[in-house]
Novice: 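Quick one: the structure is below, questions incoming.
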Amino acid sequence: ENPGWTGGEVICVFNPPEPVTYTLTTLANPSEGGTVSGTGTYASGTVVSVTASPAVGWSFTGWSGDLTGSTNPDNVTMNSDKSVTGNFTQDVYTLTINYEYEDGGQAASSYVDATMNVGDTYDVDSPVIAGYTADQLNVSGTMPAADVNVLVVYSANEYTLTINYKYEGGGQAASSYVDATMNVGDT
């Protein structure tokens with residue numbers, strides 16, 4: 001017997017515990033390299049898929065923080081607050097300019113720049129070669145997300161050769177000779 005009990009109904013109220021949640025923070029390194037999905041608050045035990053999406057001209061290189069490796073997408077099990085960073089590197093592309101004569105022979109040394117990134121601009125003057133004209137005096141543009149190869153072709157300049165035959169005193173000795181298709185090096 002309970003001395004303070006007078007009988008009657010007993011009601012017990014149980015409040016369930018608050019669900020345990022954890023926060024997942026995702027970052028991109030560097031921020032211009034791309035994006036990483038998955039940021040949010042999740043119930044304990046939730047398996048969250050995180051995906052790294054590189055920007056144009058960038059590549060995903062791996063995870064750091066509470067996720068390692070380079071599997072993409074990958075999963076994180078939420079059993080504590082977590083931070084995951086997707087790491088990116090900027091892609092490098094090559095600009096190559098070849099200089100050739102019309103017959104395919106090399107006219108000048110090639111220009112090569114193997115350190116170009118997407119969006120870089122280039123502006124390269126073609127070499128001057130006596131007696132020849134380049135089909136592109138200047139090669140310029142903005143680097144895309146790919147290697148760029150340019151061919152500059154040199155054509156022989158044509159000259160008109162005119163020979164006038166005159167006497168020492170100034171009179172014409174014979175008809176003039178005209179050859180309108182002479183190139184540098186012709187004899």
Side-chain angles (χ1 to χ4, degrees), residues 26-39 49-65 67-75 83-166 172-187:
T26 60
L27 304 166
N29 176 41
S31 60
E32 65 270 18
T35 59
V36 180
S37 68
T39 293
S49 177
V50 290
T51 302
S53 301
V56 172
W58 292 78
S59 293
F60 171 70
T61 58
W63 303 107
S64 58
L67 182 61
T68 58
S70 59
T71 301
N72 185 29
D74 207 343
N75 295 320
S83 179
V84 172
T85 300
N87 298 294
F88 301 91
T89 58
Q90 196 166 20
D91 298 332
V92 178
Y93 300 99
T94 301
L95 169 65
T96 304
I97 305 172
N98 293 304
Y99 303 101
E100 294 182 0
Y101 294 113
E102 288 178 302
D103 66 3
Q106 184 175 358
S109 296
S110 295
Y111 173 90
V112 177
D113 186 343
T115 61
M116 303 288 290
N117 301 116
V118 169
D120 286 353
T121 58
Y122 53 91
D123 186 13
V124 180
D125 290 331
S126 295
V128 174
I129 300 175
Y132 292 86
T133 301
D135 64 352
Q136 298 178 70
L137 299 178
N138 177 274
V139 177
S140 61
T142 302
M143 205 65 187
D147 291 337
V148 172
N149 294 296
V150 178
L151 176 62
V152 176
V153 178
Y154 285 82
S155 301
N157 295 337
E158 291 188 354
Y159 299 93
T160 300
L161 172 65
T162 303
I163 301 173
N164 293 312
Y165 300 101
K166 297 202 182 233
Q172 185 168 345
S175 296
S176 297
Y177 171 81
V178 177
D179 186 342
T181 60
M182 299 292 291
N183 296 314
V184 169
D186 287 353
T187 55

Novice: What is the minimum heavy-atom distance between S110 and N98, and which atoms define it?
Specialist: OG-OD1, 2.5 Å

Novice: Can you find a heavy atom in the side chain of Y99 that is under 4.5 Å from one in the side chain of I97?
Specialist: yes

Novice: Looking at every heavy atom in both G105 and D103, which two are closest together, and how far apart are they?
Specialist: N-OD1, 2.9 Å

Novice: Please report the shortest heavy-atom distance between A156 and E102, naming the atom on each side.
Specialist: N-OE1, 4.0 Å

Novice: Taking it one step at a time, do N117 and V92 satisfy side-chain contact (heavy atoms from CB on, under 4.5 Å)?
Specialist: CA-CA 5 Å; N117 301 116; V92 178; 4.0 Å; yes

Novice: What's the shortest heavy-atom distance between A28 and G34, and which atoms?
Specialist: CB-O, 3.3 Å

Novice: Among T39, T51, T85, T35, exactly one meets side chain to side chain donor-acceptor pair (under 3.5 Å) together with T26. Which residue is that?
Specialist: T39

Novice: Could you list the donor-acceptor pairs under 3.5 angstrom formed between side-chain atoms of residues 134-143 and any protein atom two or more places apart in sequence or on another chain?
Specialist:
{"unit_1": "D135", "atom_1": "OD1", "unit_2": "V153", "atom_2": "N", "d": "3.0"}
{"unit_1": "Q136", "atom_1": "NE2", "unit_2": "L151", "atom_2": "O", "d": "3.3"}
{"unit_1": "N138", "atom_1": "OD1", "unit_2": "S140", "atom_2": "OG", "d": "3.4"}
{"unit_1": "N138", "atom_1": "ND2", "unit_2": "D123", "atom_2": "OD1", "d": "2.6"}
{"unit_1": "N138", "atom_1": "ND2", "unit_2": "D125", "atom_2": "OD1", "d": "2.7"}

Novice: Which heavy-atom pair separates F88 from P30 by the least distance, and what is that distance?
Specialist: O-CD, 3.5 Å

Novice: Fit a plane to each ring of Y132 and Y101, take the angle between them on a 0 to 90° scale, and name the class: parallel (under 30°), tilted (30 to 60°) or perpendicular (over 60°).
Specialist: tilted

Novice: Only counting residues at least two apart or in another chain, list the ones meeting side chain to side chain contact (heavy atoms under 4.5 Å, CB included) with S83.
Specialist: T25, L27, D66

Novice: Heavy atoms, side chains only, cut-off 4.5 Å: are S126 and Y154 in contact?
Specialist: yes

Novice: Roughly how far, to the nearest 0.5 Å, is the CG atom of D74 from the CG atom of L67?
Specialist: 4.5 Å

Novice: Please tabulate, for side-chain N and O atoms in residues 56-63, each donor-acceptor pair with protein atoms closer than 3.5 Å (sequence neighbours left out).
Specialist:
{"unit_1": "S59", "atom_1": "OG", "unit_2": "D91", "atom_2": "OD1", "d": "2.6"}
{"unit_1": "T61", "atom_1": "OG1", "unit_2": "N87", "atom_2": "O", "d": "3.1"}
{"unit_1": "W63", "atom_1": "NE1", "unit_2": "T71", "atom_2": "O", "d": "2.7"}

